[in-house]
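The block underneath contains the structure these notes are about, expressed in structure tokens.
Given the structure is predicted, the values throughout are model-derived calculations rather than measurements. Per chain, numbering begins at 1; letters A, B, ... match sequence-line order.
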There are 2 protein chains.
Amino acid sequence: MARDTKDILKKNRLSVTASREKILNLFLDQSGALAHGDIEKRAGEKFDRVTIYRTLQVFVEKGIIHTIPTADNSILYALCKDDCEEGHHHDHHVHFVCRQCQNTYCLDNVVTPDIKLPTGYSAKQIDVVVEGICRQCSI
Amino acid sequence: MARDTKDILKKNRLSVTASREKILNLFLDQSGALAHGDIEKRAGEKFDRVTIYRTLQVFVEKGIIHTIPTADNSILYALCKDDCEEGHHHDHHVHFVCRQCQNTYCLDNVVTPDIKLPTGYSAKQIDVVVEGICRQCSI
DNA sequence: AATCTTTTGCAACAATGTTGCTTTTTTAGT
DNA sequence: ACTAAAAAAGCAACATTGTTGCAAAAGATT
């Protein structure tokens, strides 16, 4: 496990530090997306808020995590799949927000549909966020 | 014009006040969506920030405007069409963010597609935000 | 016009995000 | 393994954004 995080960091030409490993592990140990606040809480009192901000920023730049837009004005972060590279996200999956457990998941198997736009508009990226009840909560 | 705003407010059983008329007019005079900050700037120095927050909140509750989730963590607001009622938004159109002019538009004619979800997931609402170049900017 | 209700503005506060700078840690070269 | 250079962490101070309670002002109702 610790091996993994070191590898991921090195692969992205990032120096290996305690906070980066810790934060990366939070994402690896967790299926859903995390908000900055979640990370602050779960990391214990160990890290400075600024460090978390900067770490998340670096991870996004390197394509290790991506952001998910939400209606309630909080940015969520989730792990990218392997086909994301530095400065070149391939974020073509649908995001799902559960109204019951409030978790947000990347539905990696659900691809964003094509959208027919009016003449004159051209699409570069399409974000789809579905709100509803997740598998866990509908049992 | 002033007539319009009074009518809209009355139709929603809201008392007619200067700030509500002013803010409503900003939306009517403008095709795109507005962030809280935009409103604060365009309204002049006249209104308290708190009043703007509360006014937007009331407008959303009444179904006069709706919110648009954005990737950069700022909530945008835009006018609802007539078929929105109190507590019951019919927000089934696609939102378009222009990378050039940075404006956000409601594409009222473009309906959000159905999304096939994995077993166990059920959708209550689907938000689609398309990023690209708008008609104005692609001339 | 008087009263009751609603809204506004103010002040204080809380949460979130940013910046510059010093100290500490990591990396790379020997 | 040790040292110098580079990078990151931590700290403090600050900026922005959003929230709450309450008194004053404005709007609605009769």
Side-chain angles (χ1 to χ4, degrees), chain A residues 2-3 5-26 33-62 64-65 67-77 86 102 104, chain B residues 2-3 5-26 33-62 64-65 67-77 86 102 104:
Chain A
R3 238 343 349 130
T5 61
K6 283 187 176 59
D7 286 347
I8 294 173
L9 291 173
K10 282 180 183 167
K11 204 174 295 173
N12 286 281
R13 302 188 303 285
L14 290 173
S15 28
V16 177
T17 67
S19 48
R20 284 180 181 165
E21 285 200 273
K22 179 79 185 174
I23 292 175
L24 196 43
N25 261 320
L26 287 179
L34 294 171
H36 173 97
D38 298 326
I39 294 164
E40 213 167 318
K41 278 168 211 139
R42 300 202 197 184
E45 310 280 326
K46 294 173 152 195
F47 301 114
D48 197 274
R49 273 176 345 105
V50 178
T51 301
I52 298 175
Y53 280 112
R54 292 199 265 230
T55 302
L56 290 173
Q57 207 173 297
V58 169
F59 283 3
V60 170
E61 281 164 16
K62 291 291 184 178
I64 299 171
I65 59 178
T67 60
I68 305 171
T70 60
D72 71 328
N73 208 14
S74 71
I75 298 184
L76 290 176
Y77 300 88
E86 184 168 354
Q102 293 298 326
T104 296
Chain B
R3 225 18 313 144
T5 60
K6 282 190 176 59
D7 285 349
I8 294 173
L9 291 173
K10 281 180 184 166
K11 203 174 294 173
N12 286 280
R13 301 189 305 285
L14 290 174
S15 30
V16 177
T17 68
S19 47
R20 285 180 180 165
E21 284 200 274
K22 178 78 184 175
I23 292 175
L24 195 43
N25 260 321
L26 287 179
L34 295 171
H36 173 97
D38 298 325
I39 294 165
E40 213 166 318
K41 280 168 209 138
R42 299 200 199 186
E45 309 280 327
K46 296 173 152 193
F47 301 114
D48 197 273
R49 275 176 344 103
V50 178
T51 301
I52 298 175
Y53 280 112
R54 292 198 267 228
T55 302
L56 290 172
Q57 208 173 295
V58 169
F59 283 3
V60 170
E61 280 163 15
K62 291 292 184 177
I64 299 172
I65 59 177
T67 60
I68 306 170
T70 60
D72 72 328
N73 209 15
S74 70
I75 298 183
L76 291 176
Y77 299 89
E86 184 169 355
Q102 294 298 327
T104 296

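- Atom CD1 of A:I52 and atom P of C:dA15 are 16 Å apart (whole Å).
- Between the NZ atom of B:K62 and the NZ atom of B:K11 there is a distance of 14.0 Å, given to the nearest 0.5 Å.
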Legend entry - B:Y77 vs B:T104, side chain to side chain contact (heavy atoms under 4.5 Å, CB included): CA-CA, chis, key distance, verdict: CA-CA 10 Å; B:Y77 299 89; B:T104 296; over 6 Å; no
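- Atoms CD1 and CG, on B:I52 and B:D38 in that order, are 10.5 Å from each other to the nearest 0.5 Å.
- Between A:V58 and B:Q57, it is A:V58 whose nearest contact on DNA chain D lies nearer the 5' terminus.
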Protein-nucleotides 19-30 of chain C N/O pairs under 3.5 Å:
residue: C:dT27; atom: OP1; partner: A:V16; partner atom: N; Å: 2.7

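- With A:L14 as reference, A:I64 is the one residue of A:T55, A:I8, A:I64 to meet the side-chain contact (heavy atoms from CB on, under 4.5 Å) rule.
- For DNA chain D, the span of nucleotides reached by chain B at under 4.0 Å from its heavy atoms goes, 5' to 3', from D:dT17 to D:dA28.
- When heavy atoms are screened at a 4.0 angstrom cut-off, A:R20 is found touching the sugar-phosphate backbone but no base atom.
- Look at CZ on B:F47: it is 16 Å from C1' on C:dC10, rounded to the nearest Å.
- Scanning all heavy atoms of the two residues, the minimum distance from A:T51 to A:S19 falls at CG2-OG, 3.7 Å.
- Looking at B:R20 and B:S15, their side chains come closer than 4.5 Å, going by heavy atoms from C-beta outward.
- Put simply, CG on B:L56 is 11 Å from P on C:dT8, counting in whole angstrom units.
- Listed for the A:R49 side chain is no donor-acceptor partner under 3.5 Å among the backbone atoms of A:E40.
- Whole-Å rounding puts the B:D48 CG to C:dA12 C1' distance at 13 Å.
- Summarising the geometry, the separation between CG on A:D38 and C1' on C:dT16 is reported as 14 Å, rounded to the nearest angstrom.
- Here CD1 of B:I23 is found 11.5 Å from CD of B:E21. Values are rounded to the nearest 0.5 Å.
- Annotation: of the two residues near DNA chain D, A:S19 and B:G37, the 5′-most nearest-nucleotide partner is A:S19.
- Direction change of the helix axis from one end of the helix from C:dA1-D:dT30 to C:dT30-D:dA1 to the other is 40°, with five pairs defining each end axis (rounded to 10°).
- Taking atom OH of B:Y53 as the reference point, atom P of C:dT16 lies 13 Å away to the nearest angstrom.
- Between B:K62 atom NZ and C:dT6 atom P there is a gap of 11 Å when expressed in whole angstrom units.
- Atoms CG and CD1, on A:L34 and A:I75 in that order, are 13.5 Å from each other to the nearest 0.5 Å.
- The distance from the CZ atom of A:F59 to the CG atom of A:L9 is 5.5 Å, given to the nearest 0.5 Å.
- B:E21 places its CD atom 15 Å from the C1' atom of C:dT8, with the value rounded to the nearest Å.
- A distance of 11.5 Å separates CZ in A:F47 from CD1 in A:I39, rounded to the nearest 0.5 Å.
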